[in-house]
Amino acid sequence: MRMSELYAVGEKTEIGAYVFTEENILRFARKYDPQRFHIDKEAARDTMFGALCASGWHTVAAWMRCFLDYWMTEMRRLSEQGLEPPKLGPSPGFQKLQWLKPVFVDETITYSVAFVSSRPLTSRPGWNLNAILCEGINQDGVTVIRFESSVLEFE
């Protein structure tokens with residue numbers, strides 16, 4: 001089975017949600033992005049954000065965690081139906097990453113993926129390069145993150 005057989009072009013699939021607790025924000029930021037608006041509530045008040053907010057990289061990492069969890073479940077579901085799931089990965093990259101709105105403490109971001117296109121790779125017969133649109137939307141319905149990604153698919 002190919003991704004193009006499984007998903008319609010433009011069809012958005014919800015892949016999971018992540019709660020950005022203060023503890024999660026601080027843990028990630030202290031390790032990977034220790035800017036003052038990510039690690040210090042008091043200092044964050046005097047920035048353009050006005051409050052402690054998650055690192056944009058944290059929002060991307062949470063998307064990836066949700067996608068991997070979703071895909072493992074999807075592979076099991078397809079296998080249980082007697083279908084062979086598409087063989088995916090790795091990604092050769094992403095583009096047009098947009099952090100559209102800051103993510104604040106206790107916001108829940110619901111992530112999605114939409115299949116955009118697929119093309120065969122002439123250099124590798126049986127392989128396809130799939131394009132997907134990835135998004136995260138907060139509890140108020142506001143898109144906070146968006147990026148386009150490529151995913152290899154092989155036989």
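Position 1 is the first residue of the sequence; numbering continues from there.
- Between R77 and E74, at least one side-chain N (NZ, or NE/NH1/NH2) sits under 4.0 Å from a carboxylate O, which counts as a salt bridge.
- Transitive grouping of hydrophobic side chains (ILVMFWY, heavy atoms separated by less than 4.5 Å) keeps V105 and V19 in distinct clusters.
- The hydrophobic clustering, which links ILVMFWY residues whose side-chain heavy atoms are closer than 4.5 Å, places L83 and W71 together.
- Atom CD of E23 has 12 or fewer neighbouring heavy atoms from other residues, nucleotides or ligands inside a 6.0 Å radius.
- Judged as a side-chain contact (heavy atoms from CB on, under 4.5 Å), and not counting sequence neighbours, the contacts of A61 are F28.
- In this structure, the separation between CD on E80 and CG on L78 is 9.5 Å, given to the nearest 0.5 Å.
- Atom-to-atom distance recorded for D46:CG and F37:CZ is 13.0 Å, nearest 0.5 angstrom.
- The CG atom of N130 lies 8.5 Å from the OG atom of S150; values are rounded to the nearest 0.5 Å.
- For the ring pair (Phe, Tyr, Trp, His ring centres under 6.0 Å) test, no residue two or more places apart in sequence or in another chain qualifies with Y70.
- D140 places no side-chain N or O within 3.5 Å of a backbone atom of V142 that could act as its donor or acceptor partner.
- Note on F115 and F154: separate hydrophobic clusters, where clusters join Ile, Leu, Val, Met, Phe, Trp and Tyr whose side-chain heavy atoms are under 4.5 Å apart, directly or indirectly.
- Listed by chain and number, the residues in a ring pair (Phe, Tyr, Trp, His ring centres under 6.0 Å) with F147 are W63, F94 (sequence neighbours excluded).
- Nearest heavy-atom pair across S149 and G93 is OG-O, 3.6 Å.
- Counting heavy atoms from C-beta outward, D106 and T21 have side chains that approach closer than 4.5 Å.
- Rounding to the nearest 0.5 Å places CG of L88 at 10.0 Å from CZ of R2.
- No chain of hydrophobic side-chain contacts below 4.5 Å, direct or via other Ile, Leu, Val, Met, Phe, Trp or Tyr residues, connects V60 to F49.
- Between H38 and C53, the shortest heavy-atom contact is ND1-O, 2.7 Å.
- Remark: the backbone N or O of T108 is paired with a side-chain donor or acceptor of Q139 at under 3.5 angstrom.
- Take K87 and apply the side chain to side chain donor-acceptor pair (under 3.5 Å) test, not counting sequence neighbours, and it matches E84.
- Atom OG of S118 is separated from atom CD1 of I132 by 11.5 Å, given to the nearest 0.5 angstrom.
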In sequence, state the C-alpha distance, the side-chain angles, and the governing distance for Y111 and C134, and then conclude on side-chain contact (heavy atoms from CB on, under 4.5 Å).
-> CA-CA 7 Å; Y111 293 104; C134 311; over 6 Å; no
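- Residues L52 and L26 are in side-chain contact: their nearest non-hydrogen atoms beyond the backbone lie under 4.5 Å apart.
- The heavy-atom pair separating T110 from A17 by the smallest distance is OG1-CB, 3.9 Å.
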side-chain contact (heavy atoms from CB on, under 4.5 Å) evaluation trace for L121 with L152 | CA-CA 9 Å; L121 292 177; L152 290 172; 3.7 Å; yes
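- Within the 4.5 Å cutoff, the side chain of V151 has no heavy atoms near those of the N128 side chain.
- Under a cut-off of 6.0 angstrom, the local environment of CE in M1 is crowded, with over 12 non-hydrogen atoms contributed by other residues, nucleotides or ligands.
- Through side-chain heavy atoms spaced under 4.5 Å, either directly or across other Ile, Leu, Val, Met, Phe, Trp or Tyr residues, V116 is tied to L133.
- For the residue pair E107 and P102, the shortest heavy atom distance occurs at OE1-O, 3.6 Å.
- Looking only at atom types and distance, the side chain of H58 has a donor-acceptor partner in the side chain of Y18 under 3.5 Å away.
- Not a single donor-acceptor pair under 3.5 Å links the side chain of E153 to the backbone N or O of P86.
- Side-chain contact between E42 and R36: absent, with no pair of heavy atoms (C-beta onward) separated by less than 4.5 Å.
- The shortest distance between side-chain heavy atoms of V144 and T59 does not fall below 4.5 Å.
- Contacts of T143 classified as side-chain contact (heavy atoms from CB on, under 4.5 Å), with partners at least two apart in sequence or in another chain: L100, E135, I137, R146.
- If you chain together hydrophobic residues whose side chains sit under 4.5 Å apart, M3 and L129 never meet in one group.
- When all heavy atoms of F20 and A62 are compared, the closest pair comes out as CZ-CB, 3.9 Å.
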